[in-house]
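Remarks on the structure that follows.
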Amino acid sequence: MARKRYPSDVTDDEWAFVAPYLTLMREEAPQRQHDLREVFNGLRWMVRTGAPWRYMPLHFPPWATIYQQTMRWIDAGVFEAMVNDLRLILRMAAGKEPFPSAAILDSRTLQSTPESGHRGGYDGAKRKKGSKVHLAVDTLGHLLALFVTPANEQDREQVGALAREVQEVTHGNVQLAYVDQGYTGDQPEADAADEGIELNVVKLNKAKRGFVLLPRRWVVERSFAWATRFRRLAKDYERLPETLAGMHLLAFVCLMLKNLMHLMDQSA
């Protein structure tokens, strides 16, 4: 008997896009015991709802199967590949060049949990122990680069690594990066310059009253807000930083894929 659909289930059109990325098995490999689409649906359900692995509904494949396959996908860079291809498609659909010339950098601190507390650091500014997710997006808010550090790591110290990853996925096309005042200093400026990127620090108006929309900076804040729709990303529930990064990549895959399907419906 077929189960009822969850809102998180992949649609037929979405599955047609993601299936070639997810099929990691060799042609001579033995037949799978569980349907790959249902494995992917189970992963999407878990990331969207925030449930622990062992609380996976029983009509999905066993949680251990979904977990193991997820680790294989993360190790193979499957979600990164999907993000990069989706970004190119969405940019061209918006009338933009395939590779951006500008990016926005920022970080977000996630509270530790018992699973991740052993690798957490204390963020004095946010007054919480946890992990930092360092993010780079293009001017449309699409993901360019992402990695995780303990929360005590300073944003300015991550500019070099983030800039290198940005240039790798854009073939060195990014020339300008917008950042907040946490990235001020000669060293981050030099680290970005080494990768051919100029840092533009967007400063907060000292005379501001209430909420102020900062030029360009709001784009990356919106991208973080998109990620908060996925409850698994509300805190750091993962034992490994690579898993936390992978879950963020999957969330952006889901978001960008939904945008692509919306564009296809509009053009139909």
Side-chain angles (χ1 to χ4, degrees), residues 79-80 83 87 100 102-113 116-117 119-170 174 176-192 194-195 197-204 211-230 232-238 240-252 255:
F79 302 139
E80 293 173 278
V83 163
R87 185 182 62 252
I104 305 100
L105 315 183
D106 202 1
S107 71
R108 171 186 178 222
T109 298
L110 298 181
Q111 181 75 45
S112 284
T113 61
S116 64
R119 57 177 175 79
Y122 185 73
D123 184 345
K126 303 293 176 60
R127 297 183 180 181
K128 65 172 68 172
K129 179 183 177 182
S131 301
K132 268 188 183 178
V133 179
H134 302 271
L135 198 71
V137 300
D138 66 9
T139 54
L140 297 178
H142 303 316
L143 183 63
L144 288 168
L146 180 151
F147 63 89
V148 175
T149 67
N152 58 296
E153 297 287 342
Q154 295 296 317
D155 292 350
R156 60 177 64 91
E157 296 175 359
Q158 315 307 319
V159 169
L162 208 51
R164 280 192 295 275
E165 193 169 338
V166 165
Q167 295 295 50
E168 182 178 343
V169 300
T170 64
V174 171
L176 181 65
Y178 297 95
V179 295
D180 64 20
Q181 294 177 90
Y183 294 85
T184 303
D186 294 336
Q187 191 59 52
E189 185 177 345
D191 291 342
D194 288 343
E195 303 299 328
I197 298 177
E198 176 189 351
L199 279 191
N200 185 319
V201 179
V202 180
K203 296 183 178 180
L204 186 67
F211 175 76
V212 174
L213 198 65
L214 297 177
R216 300 291 185 180
R217 286 277 305 116
W218 66 270
V219 175
V220 69
E221 298 295 346
R222 182 185 61 180
S223 297
F224 279 128
W226 286 340
T228 61
R229 297 175 183 175
F230 296 81
R232 186 76 182 190
L233 307 182
K235 292 184 179 181
D236 184 358
Y237 292 106
E238 314 304 333
L240 300 175
E242 295 83 6
T243 307
L244 179 61
M247 294 301 177
H248 277 80
L249 288 166
L250 173 61
F252 277 97
L255 291 165

Can you check whether Asp191 reaches Arg156 side chain to side chain, under 4.5 Å on heavy atoms? no
Beyond-backbone contact of Leu143 with Arg87, side-chain heavy atoms, under 4.5 angstrom: no
Strictly by salt bridge (Lys or Arg N to Asp or Glu O under 4.0 Å), give each pair with a member in residues 119-131 just once, sequence neighbours left out. Arg119-Asp236
Any pair counted as salt bridge (Lys or Arg N to Asp or Glu O under 4.0 Å), so long as it reaches residues 138-154, sequence neighbours left out: Arg91-Asp138
Do Leu244 and Ser131 come within less than 4.5 Å of each other through their side chains, counting heavy atoms only? yes
Side chains of Pro150 and Tyr122: closer than 4.5 Å at any heavy-atom pair? no
Going by heavy atoms in the side chains, are Leu105 and Val220 under 4.5 Å from each other? no
For Ala163, which residues count as a side chain to side chain contact (heavy atoms under 4.5 Å, CB included) partner, sequence neighbours excluded? Glu195, Ile197
Correct closest heavy-atom pair for Gly246 and Phe79 would be O-CD1, 3.8 Å
Does the side chain of Arg108 come within less than 4.5 Å of Leu110's, by heavy atoms? yes
Dump the intermediate steps for side chain to side chain contact (heavy atoms under 4.5 Å, CB included) on Val179 and Asp106, then the final yes or no. CA-CA 7 Å; Val179 295; Asp106 202 1; over 6 Å; no
Taking Arg222 for its side chain and Leu140 for its backbone only, find out whether a donor-acceptor pair lies under 3.5 Å. yes
What pairs with Phe230 under side chain to side chain contact (heavy atoms under 4.5 Å, CB included), at least two apart in sequence or on another chain? Val47, Arg48, Leu233, Ala251, Cys254, Leu255
At their closest point, which heavy atom of Ala136 faces which heavy atom of Leu162, and how far apart are they? CB-CG, 4.2 Å
Please lay out, stage by stage, how Val133 and Leu146 fare under the test side chain to side chain contact (heavy atoms under 4.5 Å, CB included). CA-CA 7 Å; Val133 179; Leu146 180 151; 3.9 Å; yes
Rounded to the nearest 0.5 Å, how far apart are CZ of Phe252 and CH2 of Trp226? 7.5 Å
Which is it for Ser223 and Leu135 under the side chain to side chain contact (heavy atoms under 4.5 Å, CB included) test, yes or no, and what are the steps along the way? CA-CA 9 Å; Ser223 297; Leu135 198 71; 4.3 Å; yes
May I ask you to decide if Ala151's main-chain N or O and Thr109's side chain share a donor-acceptor pair within less than 3.5 Å? no
Residues two or more places apart in sequence or in another chain: which of them pass side chain to side chain contact (heavy atoms under 4.5 Å, CB included) with Thr184? Gln181, Val201
Nearest heavy-atom neighbours spanning Asn152 and Gly121: OD1-CA, 3.2 Å
Note, Asn200 side chain near Tyr183 side chain (heavy atom, < 4.5 Å): no
Are any of the side-chain nitrogens in Asp194 or Arg164 under 4.0 Å away from the carboxylate oxygens of its partner? no
Contact check, side chains of Leu144 and Thr170, non-hydrogen atoms, under 4.5 Å: yes
Show every ring pair (Phe, Tyr, Trp, His ring centres under 6.0 Å) that has at least one partner inside residues 140-169, sequence neighbours left out. His134-Phe147
